[in-house]
There are 2 protein chains.
Amino acid sequence: MNIKNFEDSLLDSYDISLLAALQRDAYATHQQIGEQVHLSASQVSRRVQRLQAGGFVRRYVALLEPQALGLGVRAMSYVTLTRHGGDEGAAFETEIGSIPEVLECYSVAGESDYILHIVCADLAVLSEQVLRRITRIQGVGSIRSNIVLNCIKSSTELPLGHLGR
Amino acid sequence: MNIKNFEDSLLDSYDISLLAALQRDAYATHQQIGEQVHLSASQVSRRVQRLQAGGFVRRYVALLEPQALGLGVRAMSYVTLTRHGGDEGAAFETEIGSIPEVLECYSVAGESDYILHIVCADLAVLSEQVLRRITRIQGVGSIRSNIVLNCIKSSTELPLGHLGR
DNA sequence: TGTGAAAAAAACACGTG
DNA sequence: CACGTGTTTTTTTCACA
């Protein structure tokens, strides 16, 4: 039987610590993870497979160091479309998908329509290339941006505390 | 000789495609990556080690599926501190670090002082637990939040195009 | 830089509680 | 039926040409 989603599934406390360990460091060996979680290597192997098959793990990735790669600028940008109701949204969303400097894009309720998380080399690239390109997308009204001064925290670890008890 | 940072380092086009491959899928075997990048498995092994030692790779992680884990709410919150110049910032920053629902926190130039990326189970948890806890941190003036309606794009892949040519 | 050997780790099958 | 142990297979790392 397959674990399909949150409702069907019973994640016991081992699974939860396992997921926590995986999103902290996916390159630890099953042995090492097992020691942290108090499980044998074979158990870890079995459970990890189940968790993957169950759709809890999206994928495994390497997180790179922006500074080391010459990516010195991070910004949050807020895009407002000119008109709502049409398909400006669709055009915008597909275009955004093809801009590698845009790491994240969310539609939101509020003054602006979209929030964009952008990383790029420097301010010149940000304004002259990335923001310019976004401005030119059909339906885009205004863009406002916040330049990030300092990174206090940047994590990909989802909170799992609500599952536990 | 060690590769220390962007200036010293000469990343050739192989290294760049290698980094791109790693941040796309870090669980591919060296063999598979080698086929994509046109390199032998041993070369991939060597280069990956160099890239890690050179500080280009922060770490390897599993990206989990929020929906499958009952994490249905995503929000961007904007925090303004009451006074600037003191050490309210320091207190705030250490406190924020201990809230697992806050995935990202950046200090920014502009109207607000900090931007927070929050993920949690539902709106009740967001307002009654997470935002409440943030409000109570010493020095916090106001919080404004944007609830995310839709995720257009959510990536951890840094843009590497500027390195290439 | 590639090839092959050695080491390590993961996946699997089995026997046991 | 779930668990750990031992075995097989895969994968990575290292030495050598």
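Letters A, B, ... are given to chains in the order of the sequence lines, protein chains preceding strands, and every chain is numbered from 1.
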J.: Could you list the cluster mates of B:Y106? Members are the ILVMFWY residues connected by side-chain heavy atoms closer than 4.5 Å, either directly or through other members.
T.: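 Cluster partners of B:Y106: A:M76, A:Y78, A:Y106, A:V108, A:I115, A:V148, B:M76, B:Y78, B:V108, B:I115, B:V148.
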
J.: Apply side chain to side chain donor-acceptor pair (under 3.5 Å) to B:S127 and list each qualifying residue two or more places apart in sequence or on a separate chain.
T.: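 Side chain to side chain donor-acceptor pair (under 3.5 Å) list for B:S127, sorted by chain: empty.
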
J.: Can you name the salt bridge (Lys or Arg N to Asp or Glu O under 4.0 Å) partners of B:R133, sequence neighbours left out?
T.: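 B:R133 satisfies salt bridge (Lys or Arg N to Asp or Glu O under 4.0 Å) with no residue once adjacent residues are dropped.
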
J.: Would you work out how much the helix from C:dT1-D:dA17 to C:dG17-D:dC1 bends between its ends, with each end axis defined by five base pairs, to 10 degrees?
T.: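 Here the local axes at opposite ends form an angle of 10°.
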
J.: Applying side chain to side chain donor-acceptor pair (under 3.5 Å), can you list everything that pairs with A:R132, at least two apart in sequence or on another chain?
T.: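 A:R132: no side chain to side chain donor-acceptor pair (under 3.5 Å) contacts found.
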
J.: Going by salt bridge (Lys or Arg N to Asp or Glu O under 4.0 Å), name the residues that satisfy it together with A:E157, two or more places apart in sequence or in a different chain.
T.: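 A:E157 satisfies salt bridge (Lys or Arg N to Asp or Glu O under 4.0 Å) with B:R59 only.
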
J.: Under the rule for side chain to side chain donor-acceptor pair (under 3.5 Å), what residues qualify as partners of B:Q43, not counting sequence neighbours?
T.: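 In terms of side chain to side chain donor-acceptor pair (under 3.5 Å), with neighbours along the sequence ignored, B:Q43 is linked to B:R46.
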
J.: How long is the gap from CD on B:Q52 to OH on B:Y60, to the nearest 0.5 Å?
T.: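 One finds 3.5 Å between CD of B:Q52 and OH of B:Y60.
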
J.: Between the protein and nucleotides 11-14 of chain D, which nitrogen or oxygen pairs are less than 3.5 angstrom apart?
T.:
unit_1	atom_1	unit_2	atom_2	d
D:dT12	OP2	B:H30	N	3.0
D:dT13	OP2	B:S45	OG	2.7

J.: My understanding is that only residues two or more places apart in sequence, or in another chain, count here; which of them pass side chain to side chain donor-acceptor pair (under 3.5 Å) with B:E95?
T.: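 Applying side chain to side chain donor-acceptor pair (under 3.5 Å) to B:E95 gives none.
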
J.: Which residue pairs pass the salt bridge (Lys or Arg N to Asp or Glu O under 4.0 Å) test when at least one of the two sits in residues 61-71 of chain B, sequence neighbours left out?
T.: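 Of all non-adjacent pairs touching residues 61-71 of chain B, those that pass salt bridge (Lys or Arg N to Asp or Glu O under 4.0 Å) are A:R58-B:E65.
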
J.: With salt bridge (Lys or Arg N to Asp or Glu O under 4.0 Å) as the rule and sequence neighbours excluded, what pairs involving residues 24-39 of chain A come up?
T.: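 Matches after skipping sequence neighbours: none remain.
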
J.: Taking heavy atoms of chain B and a 4.0 Å limit, find me the 5'-most and 3'-most nucleotide of DNA chain C within that range.
T.: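 It runs C:dT1 to C:dT3.
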
